[in-house]
Amino acid sequence: MQLSLLDNTDPRLNAENRIKQLRIQLEYHNSRYYQLDAPEISDAEYDLLFRELTELEERYPDLVTAESPTQRVGDAPVSRFQPIVHRLPMLSLDNAFNGEEIRTKLDARVKKELGLADSSSVSYLCEPKMDGLAVELVYEKGNLVVASTRGDGVTGEDVTQNIRTLRGLPLRLTGEKVPERLEVRGEVYLSLDAFQKINSAREENGDPPFANPRNAAAGSLRQLDSRITAGRPLSLYCYAPGVVEGAAFSSQQDFLATVSGWGLPVNPLARLVESVEGAIDYYHEMQERRESLPYEIDGTVVKVDSFLLQRELGEKSRSPVWAIACKFPPRQAETQLEDILLSVGRTGVITPVAMLRPVEISGVTVSRATLHNWDELASKDIRIGDTVVVERAGDVIPAVVRVVVERRNGSERAVPPPAFCPECGSEVVRIADEVALRCMGISCPPQIRESLKHFASRGAMDIEGLGDKVVEQLLSLGLVHTVADLYSLTKEDFMRFERMGDKLSANLLAALKASKTCDLSRFIYALGIRHVGERTAKTLAQAFGSLDHLEKATVEELTSVRDIGATVAQSIFTFFNNPDNLTVIARLLELGVHPAAVAKTVGGRLSGKNFVFTGTLTRFSRDHARKLVEDQGGNVVGSISRKTDYVVAGEEAGSKLTKARELGITVLGEEEFLKFLKLLEAP
Ligand code: IVH
């Protein structure tokens, strides 16, 4: 494309004209390159034009416009995305899972609703179903003004800055009869090529790779810093109109052709078919072509072509009656299972992971797959050395589907569930009603990082300054192995950190010191016992009054506490019966950590008095009884000790009653208990 140079004696006017020319040229070459895949100039020539424009704009900053191709490089980061309400909700599609279902779930329904004979034919527009994420673009007077994600369909997020970095998308519409307002929906996606490049770069940097192109596209689009998005070559295909003012489309085919004429990218594989048979054929054809496409598709979308009929059909339960998504079956491949690794997650869950002979499934090399849990491993009878069928379904991590038993030669080896944690050697426990195996060790390496962060967090010990970065450095310098080690750190230790001066380390030490005198409930929460959140920790602190009591509590005593069910009780019991955990707690106490229960209602008549309930209460619930006691400042605890003042015994009170008698504690029946409270209520 050639444009003549304008000659003018006024340099500013010259620049202005040249800028206009360059912008038109660059947009033209963008479209040749990204939309038509038919570049006319080399990358170097393109760069030259681009640089010339950048330099001119630097010289005349007031001539920079939002639509300039130079403005696709991203902007300063935003702190969060603003919500955008879609004028028309962005619907989702019903699914079909094979070609025949296009007939039964779409075509038959369409004909029924329209009162058409079964033998009649409806025209459909078929498109690949892009595996990316839906966005809405708003063009006003031809200029891209807003772009938003689908969100929940009603409200999305403003990702305008990020969408502007898409090279293949015009910031300004061209062509004839550009409407006043055009809302257009489409799918943002990442080509397989771009996906692989991004992942290799990530791996080189030590960043975890994206699981699939869709996640990579989503991660790139939802960047608060659009300069990062600019470095990720995202693409987009438009597939549906939103609110349009100043133009009308008669059909999906008309829509695609018209917006394409305005410069918007549409998928060239879209095809009009005369009847449902054509739509079924299209689905099968695309399934075959799927492997050779440069991007991921996960099915086809079949839409009634006529917009008149679409309007007549309308929508039901947030999906249009006039369209269906026909999904492809997940892709599978066979490979050898070379090993089974045990991976310990941050909550201590031990997951078996299949190490596979690398196999390519649709452009992605799979070398690991999850085996979920030991029940699954056993039920599928998966052994090391087996030939297995591996599946990549949509966005999930690859999974081992089944064993090809015919390929066994007898050398395969089953892997039994571990009795001890592969990372720390602690005992492995299977908690009732859960399939997961869990390492209960408090000093298990993968768990330490998270437990340190949790221990220091605001709701727990609230150690200011002990954030993620400090935790990372403590671990990498080998200074901390358990949460207890935090309290033996010295100023010299902190001074070894990057960017840690005198003042910061003094502050950290002060924060650590201050946390030593902490609330019992915070301390319990900080221990990170499974199922024990802030509220449960408070309940436990109130019920047991001291760490010592809690440590010694039996499952029965724990379950007798309000709001503590069997699962939680078992988890607490297991935690306090792990010798490693007890060692860490003992060290914490040794190093001066002093968790103390805070008295609740201070000055009530029962202040300082400890009550224990046992047996079945018939006159009132335990909750109610507890409230009566607490309202007057008393404590309800779970276990009997010398500190217990009263035991309230219901029917069939067992061992606790015996123990109370042994210790000479006052035992009250239900009736007596009520009288006792009333008595106390009287002045
Ligand atoms: S049309 C009301 N066409 O699939 C119809 N959607 O499950 C709106 N998608 O959220 C959707 N390719 O993200 C349509 N050619 C295509 C599509 C497509 C991918 C996605 C889109 C939508 C989801 C529906």
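Keep in mind it's a predicted model, so treat the numbers as computed, not measured. When a ligand or atom number is given, it counts from 1 through the structure's own listing order.
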* In terms of residue, atom name and distance, what is the protein heavy atom nearest to atom 5 (C) of ligand 1? -> L93 CD2, 3.6 Å
* Answer yes or no: is there an ion pair linking E472 with K469, defined by an N-O contact shorter than 4.0 Å? => no
* **Qualifying residues under side-chain contact (heavy atoms from CB on, under 4.5 Å), relative to T65, sequence neighbours excluded** => R23, E67, S68
* Pick from L234, V188, N215: which one makes a side chain to side chain contact (heavy atoms under 4.5 Å, CB included) with S220? -> L234
* Is it true that a side-chain atom of N373 and a backbone atom of A436 form a donor plus acceptor pair closer than 3.5 Å? -> no
* **Donor-acceptor contact present, side-chain E187 to main-chain G132, <3.5 Å** => yes
* To do: If you have a sec, work out which protein heavy atom is nearest atom 12 (N) of ligand 1 and how many Å separate them, to one decimal?
  => M130 N, 3.0 Å
* What's the shortest distance from atom 9 (N) of ligand 1 to any protein heavy atom, and which residue and atom give it? -> E187 OE1, 3.6 Å
* Distance to 0.1 Å, residue and atom name: give those for the protein heavy atom nearest to atom 2 (C) of ligand 1. => P320 CG, 3.5 Å
* Report, in ascending order of atom number, the atoms of ligand 1 lying under 4.0 Å from any heavy atom of P128. => 12 (N), 15 (N)
* Asked: Of all the non-hydrogen atoms in the protein, which one sits nearest to atom 23 (C) of ligand 1, and at what distance?
  -> K129 NZ, 4.1 Å
* Residue-ligand contact A325/ligand 1, heavy atom below 4.0 Å -> no
* Asked: Among protein heavy atoms, which sits nearest to atom 15 (N) of ligand 1, and what does the distance come to when rounded to 0.1 Å?
  -> E127 OE1, 2.7 Å
* Nearest protein heavy atom with distance in Å, relative to atom 16 (C) of ligand 1 -> Y239 CD2, 3.4 Å
* Y237 versus Y189, closest heavy-atom pair with distance -> CE1-OH, 3.3 Å
* Check: A240 N/O within less than 3.5 Å of ligand 1 N/O -> no
* To do: Test the R222-F81 pair against the cation-pi criterion, namely NZ or CZ under 6.0 angstrom from the six-membered ring centroid and within 45° of the ring axis.
  => no
* **ligand 1 to K303 polar contact by distance, N or O atoms, under 3.5 Å** => yes
* Asked: Would you call R87-E136 a salt bridge at under 4.0 Å N-O?
  -> no
